[in-house]
There are 2 protein chains.
Amino acid sequence: MQNFINHLKKYITLNEDELQILSSYVKTVSLKKKDFLLKEGQVCKANYFTEKGLLRMYFINDKGVEQITQFALENWWISDYMSFTMQSPAHFYIQAVENSEVIVIEHHKQEELIKQLPQLEKYFRIIIQRAYAASQMRFKYFYDYSKEENYRQFVSLFPEFVQRIPQYMLASYLGLTPEYLSELRKKG
Amino acid sequence: MQNFINHLKKYITLNEDELQILSSYVKTVSLKKKDFLLKEGQVCKANYFTEKGLLRMYFINDKGVEQITQFALENWWISDYMSFTMQSPAHFYIQAVENSEVIVIEHHKQEELIKQLPQLEKYFRIIIQRAYAASQMRFKYFYDYSKEENYRQFVSLFPEFVQRIPQYMLASYLGLTPEYLSELRKKG
DNA sequence: TTCATTTCTTAAACTAGTTTAAGTTTTTTC
DNA sequence: GAAAAAACTTAAACTAGTTTAAGAAATGAA
């Protein structure tokens with residue numbers, strides 16, 4: 001969990017004692033590619049930090065097709081926040097795209113941890129506020145640009161990420177079909 | 001700002017002294033229909049709570065067309081959070097759809113206020129977490145359903161809201177053209 | 001009340017993107 | 001290494017939704 005500690009230290013100060021406390025509230029989970037952290041219908045009891053690897057969040061539509069709405073790279077948090085917040089059944093799956101390591105903080109432990117280390121309260125607020133800010137921008141792109149334009153921008157901004165995932169996952173995330181993605185790639 | 005106080009008391013406890021402190025950090029602004037809280041290019045220096053009325057957040061695309069991405073009803077917060085968080089130029093406009101009253105908390109004052117009233121730290125985290133949770137669900141609907149289906153669901157879930165705004169704003173928010181909305185309404 | 005502006009409706013022509021139905025290539029499994 | 005499975009490509013037929021171009025109705029301003 002070295003990544004996690006380094007990441008936290010960019011936001012808050014933590015001495016050795018505090019690190020010990022933190023460590024007692026979180027656990028590290030190793031996932032094989034395709035292992036699940038969450039399945040639809042389960043209650044999402046935890047918040048997940050991607051220590052290493054890559055996760056995806058998706059739902060299955062009524063035609064049985066998987067639709068990816070989110071990825072989580074190293075140093076990103078991921079959760080079904082509606083389920084996490086309301087402790088209601090999840091609408092999404094969270095699955096490892098590749099072998100991964102994840103830091104898990106369970107809902108009730110997060111609240112206790114914050115009581116022990118109050119500086120984490122601000123940390124979690126800033127992190128989720130940034131995620132929300134990013135989602136506001138993401139909505140703007142959805143409204144503003146065509147799917148082709150969004151594809152081209154995405155490839156140009158995140159070439160390494162695009163190499164890292166199968167094309168059909170990229171298509172799913174961008175809301176287009178694999179066939180259309182092939183066509184766009186052919187167009188150059 | 002009675003709404004604001006009542007709303008806060010659902011989440012945190014505030015005695016009379018604390019209410020006084022809070023009041024000294026926020027201000028109430030009355031807006032006429034079409035008045036702006038924020039324009040693109042300005043830095044969004046505040047977080048806004050809708051005490052009364054209705055706000056909309058939109059951007060102008062390269063064809064000069066307004067695209068609404070969000071509304072804020074009574075008791076809702078609204079801000080361009082990327083601009084608010086990073087103190088960078090805003091991509092959005094925030095404007096009153098009707099005559100409104102807004103509670104304004106400036107960025108630096110919010111941080112000071114939280115120091116004075118630490119229970120607000122958790123309040124803001126929970127609020128933004130809920131907003132993010134809702135945005136995850138909203139992405140799901142974008143991916144999952146056609147624009148027509150989303151329109152029909154929206155009308156059925158929020159009939160009063162739909163009465164409250166002009167049809168072209170509803171169309172804009174749902175990402176469809178006013179012409180197509182007219183067609184859908186005709187279809188019944 | 002009149003006039004100007006905004007909003008809503010109508011419909012045909014158009015298009016971004018999907019669906020259908022394979023075939024080909026790459027990766028995984030045993 | 002062979003076979004199966006998954007991923008990718010191809011292209012024609014199709015469609016959800018847009019664009020274009022008005023006209024009609026409602027609202028706002030003077």
Side-chain angles (χ1 to χ4, degrees), chain A residues 31-35 54 56 58 60-69 71 93 95-99 139 141-155 159 161-188, chain B residues 31-35 54 56 58 60-69 71 93 95-99 139 141-155 159 161-188:
Chain A
L31 302 177
K32 291 260 185 212
K33 179 178 177 179
K34 300 201 172 189
D35 281 354
L54 178 62
R56 69 168 174 150
Y58 68 93
I60 297 180
N61 71 20
D62 53 8
K63 293 174 195 153
V65 177
E66 297 176 357
Q67 286 289 348
I68 298 169
T69 59
F71 288 103
Y93 299 79
Q95 184 189 47
V97 175
E98 59 196 43
N99 295 344
F139 273 115
Y141 297 141
F142 263 61
Y143 281 95
D144 207 2
Y145 302 111
S146 70
K147 290 184 178 181
E148 177 175 355
E149 283 166 330
N150 276 328
Y151 160 70
R152 297 201 185 286
Q153 281 190 40
F154 197 86
V155 164
F161 180 74
V162 168
Q163 296 293 328
R164 194 168 172 182
I165 58 170
Q167 296 305 293
Y168 79 92
M169 280 195 189
L170 177 61
S172 181
Y173 177 69
L174 295 174
L176 40 92
T177 60
E179 289 87 358
Y180 190 52
L181 183 60
S182 282
E183 196 175 310
L184 295 182
R185 284 159 51 95
K186 193 171 58 175
K187 272 171 78 174
Chain B
L31 301 178
K32 292 263 186 208
K33 179 177 174 179
K34 299 202 174 188
D35 281 354
L54 178 62
R56 69 167 176 152
Y58 69 94
I60 297 181
N61 71 21
D62 53 8
K63 293 175 198 156
V65 179
E66 296 175 357
Q67 285 288 346
I68 297 169
T69 60
F71 288 104
Y93 298 80
Q95 184 189 50
V97 176
E98 58 196 45
N99 296 344
F139 273 116
Y141 298 139
F142 263 61
Y143 280 97
D144 207 359
Y145 303 110
S146 70
K147 290 183 181 183
E148 178 175 355
E149 283 167 329
N150 276 329
Y151 160 68
R152 296 201 184 288
Q153 282 191 37
F154 197 83
V155 167
F161 180 74
V162 168
Q163 298 293 328
R164 196 169 170 181
I165 59 171
Q167 297 303 294
Y168 79 92
M169 283 195 187
L170 177 60
S172 181
Y173 177 70
L174 295 174
L176 41 94
T177 61
E179 290 84 0
Y180 190 51
L181 183 60
S182 284
E183 197 176 307
L184 296 182
R185 283 156 54 96
K186 192 170 58 174
K187 269 170 75 173

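By convention in this document, chain letters (A, B, ...) are assigned in the order of the sequence lines, proteins followed by strands, and residues within each chain are numbered from 1.
Using modelled atom types and a 3.5 Å distance limit, the side chains of B:E149 and B:S146 yield a donor-acceptor pair.
A ring-centre distance under 6.0 Å is found for B:F139 and A:F139.
Between D:dT19, C:dT20, C:dT10, one nucleotide has an atom nearer to the side chain of A:E179 than all others, and that is C:dT20. Side-chain proximity of B:K147 to the nucleotides D:dT18, D:dT9, C:dT9 is greatest for D:dT18. The A:P178 side chain lies nearest to D:dT9 when the options are C:dT19, D:dT9, C:dT9. Nearest nucleotide to the B:K33 side chain, out of C:dT7, D:dT9, D:dG28: D:dG28.
Contact annotation: A:R185 side-chain N/O to D:dC8 OP1/OP2 distance is not under 4.0 Å. Remark: A:K186 is not in phosphate contact with D:dC8, judged by side-chain N or O atoms under 4.0 Å from OP1 or OP2. One finds no side-chain N or O of A:T177 lying less than 4.0 angstrom from the OP1 or OP2 phosphate oxygen of C:dG17.
The separation between B:L181 atom CG and D:dA16 atom P is 17 Å, rounded to whole Å. Residue A:M169 contributes atom CE, which lies 11 Å from atom C1' of D:dA6 at whole-angstrom precision. Summarising the geometry, the separation between NZ on A:K34 and P on C:dT27 is reported as 14 Å, rounded to the nearest angstrom.
The two residues A:Y143 and B:S172 have their closest heavy-atom pair at CE2-O, 3.4 Å.
Using a 4.0 Å cut-off between charged nitrogen and carboxylate oxygen, B:R152 and B:E148 count as a salt-bridge pair.
Residue-level contact check: A:Y180 touches the bases, meaning some heavy atom is under 4.0 Å from a base atom. In this structure, A:E148 reaches the sugar-phosphate backbone alone: every heavy-atom distance under 4.0 Å involves primed, P, OP1 or OP2 atoms, never a base. Heavy atoms of A:S146 sit under 4.0 angstrom from primed sugar atoms or phosphate atoms, though from no base atom.
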